[in-house]
Every structure is written in C-alpha cells, then in structure tokens.
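Data block below; observations after.
Here is how names work: the chains are called A, B, and so on, in the same order as the sequence lines, proteins then strands, and each is numbered from 1.
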Amino acid sequence: MRSSKYLLATQKETPSDAEVVSHQLMLRAGMIRKLASGLYTWLPNGVRVLHKVEQVVREEMNACGSIEIHMPTVQPSDLWQETGRWDKFGPELLRFQDRHSRDFVLGPTHEEVVTELVRKEVNSYKQLPLNLYQIQTKFRDEVRPRFGVMRSREFLMKDAYSFHLSPECLQKTYDEMYAGYCRIFERLGLEYRPVLADTGSIGGSVSHEFHVLAESGEDAIVFSDGSDYAANIEKAETIAPAGERPAPSQEMQEVATPNAKTIAELIEQFELKIEQTVKTLIVKATEESEHQLIALIIRGDHELNDIKAEKLADVASPLEFASEEEIRAAVGAGPGSLGPVNLPMPVVVDYAAAHCSDFGAGANVDDKHFFGINWERDVALGQVADLRNVVEGDPSPCGSGTLAIKRGIEVGHIFQLGEAYAESMNAAVLNEQGKNQTLTMGCYGVGVSRIVAAAIEQNNDKYGITWPDSIAPFKLAIVPMNMHKSHRVQEVANKLYEEAKERGIDVLFDDRKERPGVMFADIELIGIPHVIVIGDRSLDKGVIEYKNRRSGEKIEVAIEDIFNQF
RNA sequence: CGGUGAUUAGCGCAGCUUGGUAGCGCAUCUGGUUUGGGACCAGAGGGUCGGGAGUUCGAAUCUCUCAUCACCGACCA
C-alpha cells in the first residue's frame, strides 16, 4: 500500500474525551472514529488489525473442529420469549418493531438463534457433537459505554456454541476450546490469564474467563501465590477464619455518635479498629420470601460481593438496596446507624464478621452505636455465609497460598450451559435407544474488537503503538528520505516495495511528499513493527537502514540482505 | 437512572462575569523556501456560537426549555 493512496488519518493531538491509552492511540493512529455514544467507524488502520485478530481466531476455531456459520443480528422476539430472556434481559437488550409491528431485538448474543437452527437441522445422536461459531457484530445498549471500543455498544465478537448428549462430551469440547483459547491469546502475543468465573445471566455451571492483564482493566482478578488458582473477584470464595471466635472481653454499651454516619467517621472519632466494626446493608428480599427486607452484615473494612449476595435464597436478584424511606419504616433509624442488635429482620452474616468479638455497630437508633457487641451473648448470629469480596492477603480458597489482586480486561469467556436453553426451546434428538433426549450445550465467546484495544493497552510507548507482528496493520514500512529529489532513493524504494509485495509482506510505502520527521512520527504512532529507511546518506555507504519498532534497534544492512532481518 | 460539568471553524480552546456585527493554536488550500525526527515565510478558505423560545434597540454573552456528550456513582455475559 502506498500512503499517498491510503487513508492514514493520524492526528497529532489527543482528543480530550479519551481516558485510557488504547482509546487515545486508536483515535490518534487513525483506527477508529466515534459516530455516536458507543458506536465507532473502523478506519483502514483499524480494520486491518481487526481482520488479523479475526483471522487468528478463525484459524484456531477451525483447528478446534468448530464450524463457521453466520447468523442475523436482527432476531425475532418470539425466540427470546421461549427462553424467558425477553423478560429477564434488561434495557441492555435493544428492542424494536418492524413495519408490521412485530417485535425484534438487536442480538446481544445468539443462544436462541443457534438453538433454533440446531433443533431444526439436527435430529440424531449421529450428528453430534456439533460445534458452530460465527464472527459477528453484537449490540448491547450499555448504560455507560466507555474507553472507546473497550466497552462500546456495538462490537465484534466470535461466539461458538457446542451441542452434546452428555456432560462428559461437553467437558471434552470445553477442554479443547479452553486450549484453543490459550493458543489464540498466545498467537496474539498477549499477556493473559484464564480465571474461574461466575456464569452471570447466561447461566450454566462451569465457566472460565480469559483476561488480558492491564491496569485499566475493569475487572479485578485474584491469584494465589501458592498454586494455579485464579478467579474473577466476583467468583473468588472467602473461607471462614480459622479457630474459635475470640471470647468477649467487653460489656456492650450504648454510645452517642451524632457525627458518625459512616464507618470512616466512626473509627476516626472513637477508639475503634476498622476490623472491629461491622456494616449492615439492607437489601430487598425475593417476592416469595416471608420478609420484605434482609440485612447483610460484613466487617467494616470489607466490600459486599453483589453476586454472592444475590445467590442467597431469600435475597432478590438482581440485588436491590432498600431506600432510606424503606429502612426508616422498618427499623426506625437511618442507614448511618444500623446494626445487628434489635434489628427486626433476618440477618445474614459474613464469615469474617461472624468471627468478630467486641465489635461496634449501629444501635438502630439515630446517632447511637453499640460498642463491645458479641455474637450469641448480645445478639443471635443467624445465617453465616460468604458475602464479601476477597482482599489482598486472604488465604486462597484452594487451600494453599495467599491471594493477590490484579486488574484484567475480559477478552474471552467460556461456559458449560447444560440443558437450560435446549430444554426451554425443546431442542432434542433421538439417542441410540431411539428416545428423545435434550441437548447439552456449551458456549464460548471472544471479544474481537475488545482484543484490539486490550492489545494496545499492553503494547505502547511514548511514540505510539508497538504491535506484535501477528496483528500489526502492516508488517513493514518503507520510509524514503527526500524521494522526490533523489532518483536513486526513489529507485531503491520502489524496487524494495515491489519485492516486499511479491514476498506477500503487508507493506506500507510512505511515498508522501512529507518531511522525514512527519513520516517517522506517523509510522511509529501506528506501530508498524519493521521499518526500512532509505536515504542518500546510507546509499552512499551501499547500505540501507533497518529499524525495529519494539526494540528501537537500528542497524545498517546491505540492500540484498534486508528481507532477512525480520 | 441520580450527581456534576460541557456544547463557539475539521481538532483543541478563548471570548460570557460587565450584552454592541466572533478570535487563537493546530489542521486544510495556494505560492515560495526547506528536507534524517511533527520546519519556515507570505497569503487564503472555513462558524445560522447544539436546537427552540423569551428579555432587549441589540444576545455567543442574560432567562427558560429541549437535545447531545463527558466524568463520578448506581447498573452491567
């Protein structure tokens, strides 16, 4: 490609609304432009990278025995009614009507459509297992799109779905896909980790996420230093503290605390360690429950894990906090003065909070706290459960090592779905005994457009992007110095450009009539990994210059040796 | 959905307090000079100041309203 015939679209200035480095560089390097909130046009530099990521994913999916198909983005609502997700999915699901007033959705995922396909096309156990994938645009009406294509509303995703008659068969495919995912991220040159994950609204039992490690990641992931254990913080379990709860040493007393509405204010004003306080969070109960509200109690220095909380039998899912009015109506005090003692509702206590003695908490009377509270003596303990996020230094739930926390960008997610979708959609085949048997499913996603952003988060420097060869928009740049003045430079540059094309190398020939500084800056910004510089200065010595973008290494080589350099 | 802030040339911004026919930098175009790290000189084009309504002799500027965008929070395969 000649840059004079190309849309380079680079920018010198960083747009003010781009926060993370990948977003800034994608705009500056002429990869994307925003059309509207969460919607991006991919420019030539971006499309080239996107296609390369796509191609790696496609090759590895094919190697896993998955077969490519292509399903519509627009999906009829009745399929979503069948699985119940028409009601369960929130406003994230974009719904609209066609000219006949029939309901449709813009597909955020394709379980319904693929199951509809398979229930019609597959009738016999002899056709199984079957693994289908597509690389396709998805739409999710995100509440808050941000960070460019990292969390956009429209995005490109590879999604695969496998169909089986037994959990063992599903497990086998799941393991193959797991290995295939590892190969994908290795080939893409990313530093990544597979971690145990929650299955979320997709449902199912076993699930792993693949995370690219980056400071800007939106997920917290947890590692053990004593084993391979790694999990999303949503999923990572805490274990009950070892040993007996310390015996009470204080009497419970009521204390006036007019200026302490938060734990932070409480420990600042009184002689109290944060580990000796508890927070009381009031959430709504399920409609079936005999109570309207439930109290969740965690230690003052801990954070509630929403996912763990909403898995409790009586807690409404999605988790919903009670409003201040509801709390006042039930307790008679505001949210700043709540505690387990004399609380007129069921209480679920986190393991760590249940292990506290002589602790402080609200008295359920405005501006009053109790100090020196002890479970069983002063208040019944009730149900004890895992309610909190793990923190750095917690013992690993696998039994060996302690936990560390890092940030990650979720770029892949695999699930064992089981029979849920197949059952609600009546997807079954005849088994060897000639009996109808419901299918067991797995599903496997890769965020293709998100990978592009994630790769930049891991591969950049002060000059721009430092692509790994596997996904760079161009592998090679030819940068001539003052070509329009020097016939010799022009001749060599053209010859090398033609040779690169013959060799099948993705090459960008910067034939613009620009000053050298401009060309160098653009080539570095868009991150082309290998650069040939041709100028009279080196031609006088019978050589040309090779530069490596990532290492910064510069060497002079004979013209005929140049293609051996990379 | 709540809080905060923004919207003036392609991009980044000033002007608004104190109303008087709209400016800077970058980018673009033309001519010239220059050419190994985002050059210089001269000139040019480009704006119904987010939309609507109001106050006023007169509104980018004051008031109301709507829209869009961003950040924080809530939310989220």
Side-chain angles (χ1 to χ4, degrees), chain A residues 8-20 23-24 27-28 30 33-39 85 88-93 107-111 138-148 150-153 155 157 159 197-204 207-210 218-219 232 234-235 304 306-307 310 317-321 323-324 410-415 417 421 443-447 450 462-464 479-486 489 510 512-525 531-540 544-545 547 552 554 556:
Chain A
L8 213 45
T10 52
Q11 293 179 330
K12 217 190 286 191
E13 292 182 46
T14 303
S16 58
D17 58 347
E19 279 187 281
V20 295
H23 188 196
Q24 294 169 356
L27 291 165
R28 287 224 293 135
R33 289 291 183 265
K34 184 167 81 171
L35 178 64
S37 181
L39 301 176
R85 290 208 291 183
K88 264 191 236 156
F89 240 92
E92 206 180 39
L93 181 63
T109 173
H110 281 71
E111 282 81 9
K138 306 283 191 218
F139 189 93
R140 289 181 201 169
D141 201 354
E142 293 283 350
V143 191
R144 189 174 162 204
R146 63 189 121 172
F147 305 155
M150 193 89 87
R151 180 174 289 277
S152 52
R153 295 197 292 174
F155 57 99
M157 182 168 175
D159 47 325
D198 183 70
T199 50
S201 72
I202 294 269
S207 175
H208 287 85
E209 288 169 354
F210 290 77
E218 294 186 272
D219 286 294
N232 192 303
E234 294 174 350
K235 175 80 175 175
L304 181 70
D306 295 11
I307 289 175
E310 58 193 34
S317 175
L319 192 70
E320 201 180 342
F321 284 94
S323 67
E324 179 159 358
E410 182 190 348
V411 291
H413 202 161
I414 59 179
F415 302 79
L417 294 177
Y421 290 90
C443 89
Y444 318 88
V446 170
R450 182 180 282 182
K462 64 178 173 174
Y463 302 110
V479 184
M481 300 288 104
N482 304 317
M483 182 173 71
H484 58 284
K485 281 263 180 72
S486 165
V489 169
D510 201 347
R512 293 175 297 173
K513 197 177 166 183
E514 281 291 355
R515 298 169 62 83
V518 174
M519 294 196 279
F520 286 134
D522 275 345
I523 297 300
E524 280 157 4
L525 176 59
V531 183
I532 296 175
V533 182
I534 302 162
D536 279 317
R537 207 162 77 182
S538 45
L539 288 180
D540 286 343
I544 53 177
E545 196 175 301
K547 274 172 69 171
K554 266 190 226 181
E556 293 186 329

Distance criterion of 3.5 Å, no angle test: do you see the side chain of A/Arg146 paired donor-to-acceptor with the base of B/A70? no

At 4.0 Å (heavy atoms only), tell me whether A/Asp141 reaches a base, stays on the sugar-phosphate, or touches nothing. nothing

From C-beta outward on A/Pro516, which listed nucleotide comes closest to its side chain: B/U35, B/G12, B/A77? B/U35

Pairing partner (Watson-Crick or G-U wobble, both distances under 3.5 angstrom) of B/A9: none

Between A/Glu234 and A/Lys34, which is nearer to the 5' end of RNA chain B once each is assigned its nearest nucleotide? A/Lys34

Do the non-hydrogen side-chain atoms of A/Asp198 and A/Asn232 ever get within less than 4.5 Å of each other? no

Protein-nucleotides 38-44 of chain B N/O pairs closer than 3.5 Å?
residue : atom : partner  : partner atom : Å
B/G38   : O2'  : A/Lys12  : NZ           : 3.1
B/G38   : N2   : A/Asp522 : OD1          : 3.1
B/A39   : OP2  : A/Arg515 : NE           : 3.3

Test item: A/Arg151 side-chain N/O and A/Pro145 main-chain N/O as donor-acceptor pair under 3.5 Å: no

Minimum-distance nucleotide (side-chain atoms of A/Lys138 versus B/A77, B/G12, B/G36): B/A77

Testing B/G36, B/U35, B/A74 for proximity to the side chain of A/Ser538, the answer is B/G36

Sugar-phosphate, base or nothing in reach of A/Glu524, heavy atoms under 4.0 Å: base

Complementary nucleotide for B/U18 - Watson-Crick or wobble, under 3.5 Å: none

OP1 or OP2 of B/G36 versus the side-chain N and O atoms of A/Lys554: is any pair under 4.0 Å? no

Candidate nucleotides B/U35, B/C71, B/A77, ranked by approach to the side chain of A/Met157 - the nearest: B/A77

Relative to the 5' end of RNA chain B, which residue comes earlier, A/Phe147 or A/Phe321, by the nucleotide with the nearest heavy atom? A/Phe147

Under 4.0 Å, heavy atoms only, any strand: does A/His110 hit a base, just the sugar-phosphate, or nothing? nothing

Side-chain N or O of A/Ser37 versus OP1/OP2 of B/U68: is the shortest distance under 4.0 Å? no

